[in-house]
Each structure stands twice: as structure tokens, then as C-alpha cells.
Asks: 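I'd like to ask some things about the structure below.
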Amino acid sequence: MKQPTIRDVAERAGVSKSLVSLVLRGSDQVRPEKRDAVLRAVRELGYRPNAAARTLSERRSRTVGVLLHDLRNPWFVELLDGMNPPLREAGLHMLLSDARLGRRAGHDLAEPFLDLGVDGLVVVGTLPDPAGLARVAERLPVVVAGAREPVLPDVDMVAGDDEQGARLVTEHLIGLGHRRIAHIGGHGAVGELRRRGYTSALAAHGLDPVVERGDLTEEGGYRATVRLIARAERPTAVFAVNDMTAVGALSAAAELGLSVPRDISVAGYDNTGISRLRHVWLTTVDNAGHEVGRRAARCLLDRFEGRAGTSRVRLTTPALETRGTTGRPPGSFRD
């Protein structure tokens, strides 16, 4: 069956093709009765604009590339959920790509978006190749979301205040009476900021840090917690760099016969959907993922409209979410 064309819509509505184009672009220069006639003809004919033709005529694809550090990270879902509404309202659609898969295949991470003709790029999480991203940023607007690197000219950065969030959760554990608090760390600038917040909170109370290396995964959290529990002086609390790492810590504690939080407290970071599951109910830091996504979209739209200048760093305010995995240290309970 032949697809209806813009000419068919114009004939059905009794108007010119140029007027139909104005209506489809949302122009306010069309009289209401003419607009209603065009929209009625569109519905009756089942007309759908040709995206490729529109791209050629407008010299815009109306698409935004979104390059995710790792599609498996549940916090990124919260961020994307915040990013999508402002972009959709502006008539833009997201094209997603998983950087982890691209790295495995040895592909360029950001440059393929140039071939697709996207109008802009949002990089979610930390990428290992800032030079490649810099090349892309020279040709189209770029925003980094949920990360603090790389720092590039004319590239906006939107993230949570990781150092402050780590201080919040560490102070929470200290306030419960814990004195042996371990941290399962991450990598990159975000990992360093969370580690810094943890160590500064301990130092303010005269306490020593204990840091185990992690890789931001559940398995990495499990292995690090096994090592921590095997120490001669076992920590009474573990602050994990993210919620996935904390879930691994919970698994390790259970397998080693420890009760959470009676024998050991566990806290995460990001307030992902996993942390809110009733059988997990994890104490964590809300890193305002939805707001990070919304602000990242707004930064990109500002650059499209020429309202942005040099690089900007925008931080959201973290909040502690106290749930069932943290409590007083062993010996503080009364049976």
C-alpha cells in the first residue's frame, strides 16, 4: 500500500504543501482553522513525516547520542529517566550505545555518532579515551553526565557531589558508634572523590581508614568483603562505592555467617532501584540520578540554542537514605 505524502495531506486539507510543513514543524504562524484541517488530514490519512527527508531539509537529525560507560549500571537508568523528558519535549530522540561493548570490539567509542549525524552527545560515566571525546567535542555539543572527567574545553559536566555524599554516609556510621569502618573503593575521579569524603570524615573523628580495591561490580564487592572479614581486626561497617558493590558485600557477609546489621553494617551509594528492593533495603546515598539527567539534557539544549559559554560544572546535592542494613556495632545490642 502506497504511503501518503505531504502532497496528499495538502490536497485533503485544501492547503499548500508549504503550509502543511509549517504545521508539522509546530509553527505559530498558521491560523487555528488551517492547523486543525491539516492535523485532521494527517490523522485520516495516517501520514508520517519522512525523517530522512526532514533531516536533509533542516540539516538536523533531531537525535542525541548517549554513550553509556556500562549499560549494566542500574544508576544510569535513573539518569536516562531524567534526561528523556526534556529532550522529547524539544523534539529530540536518544540513540544509546554501550561503551563497554565498543571497547571489547576495539572500536572508537564516540566518533561513530558523528557518522550517524547526531546533533549532540551526552557521555554517561567515565570513558577511558578523553582524546577521542575531545575530537568529537570540536564538531558538536557534548555534555558529560554522572562523571567528573575528562575536563575538556566547552564540554559541560553534570554530576552529584560525591565527596559530600561519602561524608554523609561515613558520618552516619560513626554516629551509630562504629570505629572500624572499611571502604570498598572505585576508580577514576568519582571513586577518588568518594574515597576522599570517607577519609576526611574519619580523620575528623581521629579514625583510621581501611580501603579495599573494588571494580564497581557485585563480584568485586563480594571478593573485597571476604578479604575485609578475614582481617584480624574485622571491620564493623563497610561503605561500598556503589550499590552493586554493596550487594556483593551483603552476599559475602551472608555466606560467611554474619548477620546484617547485627554483626556488620553495610552501606552503598547511588540509591538505585536495587537498594529499594524490600529484601535488600540498603542504606545508601541518593545521588540524584534523575536530576543529573535532567540537568545534562538542559545543558545540551542550552548549547543548541547558543546560551552556553565556556565549560560548566554543575553538582547536585546528595541525601542519605537510611534503611535496614546499618545499625549499631556488635556489642551494642541488647537481646
Side-chain angles (χ1 to χ4, degrees), residues 66-80 97-104 108-110 121-137 142-153 155-170 182-201 209 211-221 223-224 238-249 267-272 284-285 287-289 292-293 295-296 299 311-316 318:
V66 180
L67 181 58
L68 296 161
H69 171 71
D70 188 344
L71 194 58
R72 300 170 300 178
N73 188 326
W75 185 72
F76 292 160
V77 176
E78 310 271 348
L79 190 151
L80 292 174
S97 179
D98 187 345
R100 177 180 60 92
L101 298 177
R103 286 194 299 272
R104 285 184 175 181
D108 289 331
L109 299 179
L121 178 66
V122 179
V123 177
V124 180
T126 302
L127 297 183
D129 181 20
L133 187 59
R135 290 192 296 271
V136 173
V142 174
V143 174
V144 174
R148 300 291 293 276
E149 57 186 326
V151 178
L152 298 170
V155 173
D156 295 320
M157 192 172 295
V158 185
D161 190 339
D162 296 288
E163 188 170 354
Q164 172 62 14
R167 279 197 296 266
L168 283 175
V169 68
T170 307
H183 176 54
I184 303 175
H187 50 72
V190 167
E192 174 58 31
L193 287 167
R194 293 181 187 180
R195 183 164 51 250
R196 189 187 304 168
Y198 155 80
T199 56
S200 66
V211 179
E212 276 286 347
R213 182 182 298 274
D215 60 4
L216 306 178
T217 68
E218 180 180 357
E219 179 62 26
R223 292 195 302 267
V238 173
F239 160 43
V241 68
N242 65 1
D243 288 348
M244 291 300 294
T245 299
V247 169
Y269 203 108
D270 289 338
N271 195 30
T272 60
T284 185
V285 176
N287 206 21
V292 169
R295 291 192 188 184
C299 283
S311 303
R312 298 171 293 178
V313 177
R314 296 186 173 183
L315 300 182
T316 59

Asks: Is N287 close to D162 at the side-chain level, that is, under 4.5 Å between some pair of heavy atoms?
Replies: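 In contact.
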
Asks: Keeping the roles fixed (side chain from R196, backbone from E163), state whether a donor-acceptor pair exists under 3.5 Å.
Replies: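 Between the backbone of E163 and the side chain of R196 there is no qualifying donor-acceptor contact (under 3.5 Å).
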
Asks: Between G268 and T284, which heavy-atom pair has the shortest distance, and what is it?
Replies: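 Scanning both residues, the minimum pair turns out to be C-OG1, 3.3 Å.
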
Asks: Can you give me the closest heavy-atom contact between A267 and A246, atom names plus distance?
Replies: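 Closest approach of A267 to A246: O-CB, 4.0 Å.
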
Asks: Can you check side-chain contact (heavy atoms from CB on, under 4.5 Å) on N242 and W75, steps first, answer last?
Replies: CA-CA 9 Å; N242 65 1; W75 185 72; over 6 Å; no

Asks: So, using side chain to side chain contact (heavy atoms under 4.5 Å, CB included) as the criterion, who are the partners of V142 when residues are at least two apart?
Replies: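 For V142, the residues satisfying side chain to side chain contact (heavy atoms under 4.5 Å, CB included) (neighbours in sequence not counted) are L121, V123, L133, V136, A137, L140, V155.
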
Asks: Mark yes or no for whether H69, through its side chain, and V124, through its backbone, hold a donor-acceptor pair below 3.5 Å.
Replies: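 Checking the backbone N and O of V124 against the side chain of H69, no donor-acceptor pair under 3.5 Å is found.
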
Asks: With sequence neighbours excluded, what pairs up with E149 under the side-chain hydrogen bond (donor to acceptor under 3.5 Å, both in side chains) test?
Replies: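 Once residues adjacent in sequence are excluded, E149 has no partner under the side-chain hydrogen bond (donor to acceptor under 3.5 Å, both in side chains) criterion.
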
Asks: Quick one about T217 and D215 (side-chain donor to acceptor, distance below 3.5 Å, no hydrogens or angles considered), yes or no?
Replies: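 T217 and D215 do have a side-chain donor-acceptor pair below 3.5 Å.
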
Asks: Please name the pair of heavy atoms, one in P318 and one in Q164, separated by the smallest distance, quoted to 0.1 Å.
Replies: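 Heavy atoms of P318 and Q164 come nearest at CG-CG, 3.9 Å.
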
Asks: Identify the two heavy atoms, one from L216 and one from M244, that lie closest to each other, and give their separation to 0.1 Å.
Replies: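 Heavy-atom minimum between the residues: O-CB, 3.7 Å.
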
Asks: Sub-3.5 Å donor-acceptor pair from the side chain of D156 to the main-chain atoms of R312, do we have one?
Replies: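 Checked: pair present.
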
Asks: Of all the heavy-atom pairs spanning A145 and V292, show the shortest one and how long it is.
Replies: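 Minimum heavy-atom separation between A145 and V292: CB-CG1, 4.3 Å.
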
Asks: Calculate, to the nearest 0.5 Å, the distance between atoms OG1 and CZ belonging to T170 and R195 respectively.
Replies: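 Interatomic distance, T170 OG1 to R195 CZ, rounded to 0.5 Å: 12.5 Å.
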
Asks: Between R167 and D161, is there a side-chain N and carboxylate O pair less than 4.0 Å apart?
Replies: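 Between D161 and R167 there is no salt bridge, as every charged N stays at least 4.0 Å from the carboxylate O atoms.
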
Asks: Compare every heavy atom of R148 with every heavy atom of L193, then report the nearest pair and how far apart it is.
Replies: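 The answer is CD1-NH1, 3.3 Å.
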
Asks: Determine whether a donor-acceptor pair (N or O, by modelled atom type, separation under 3.5 Å) exists between the side chain of D243 and the backbone of T272.
Replies: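 Present.
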
Asks: Of all residues at least two apart in sequence or in a different chain, which pass the side-chain hydrogen bond (donor to acceptor under 3.5 Å, both in side chains) check with E218?
Replies: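 For E218 there are no side-chain hydrogen bond (donor to acceptor under 3.5 Å, both in side chains) partners, ignoring immediate neighbours.
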
Asks: Any chance you could measure E192, atom CD, to T199, atom OG1, to the nearest 0.5 Å?
Replies: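 Rounded to the nearest 0.5 Å, the CD-OG1 separation comes out at 7.5 Å.
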
Asks: If you measure from OG1 on T245 to OH on Y269, what distance do you get to the nearest 0.5 Å?
Replies: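 The OG1 atom of T245 sits 13.5 Å away from the OH atom of Y269.
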
Asks: Measuring from R223:CZ to I184:CD1, what's the distance to the nearest 0.5 Å?
Replies: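 Going from the CZ atom of R223 to the CD1 atom of I184 covers 11.0 Å.
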
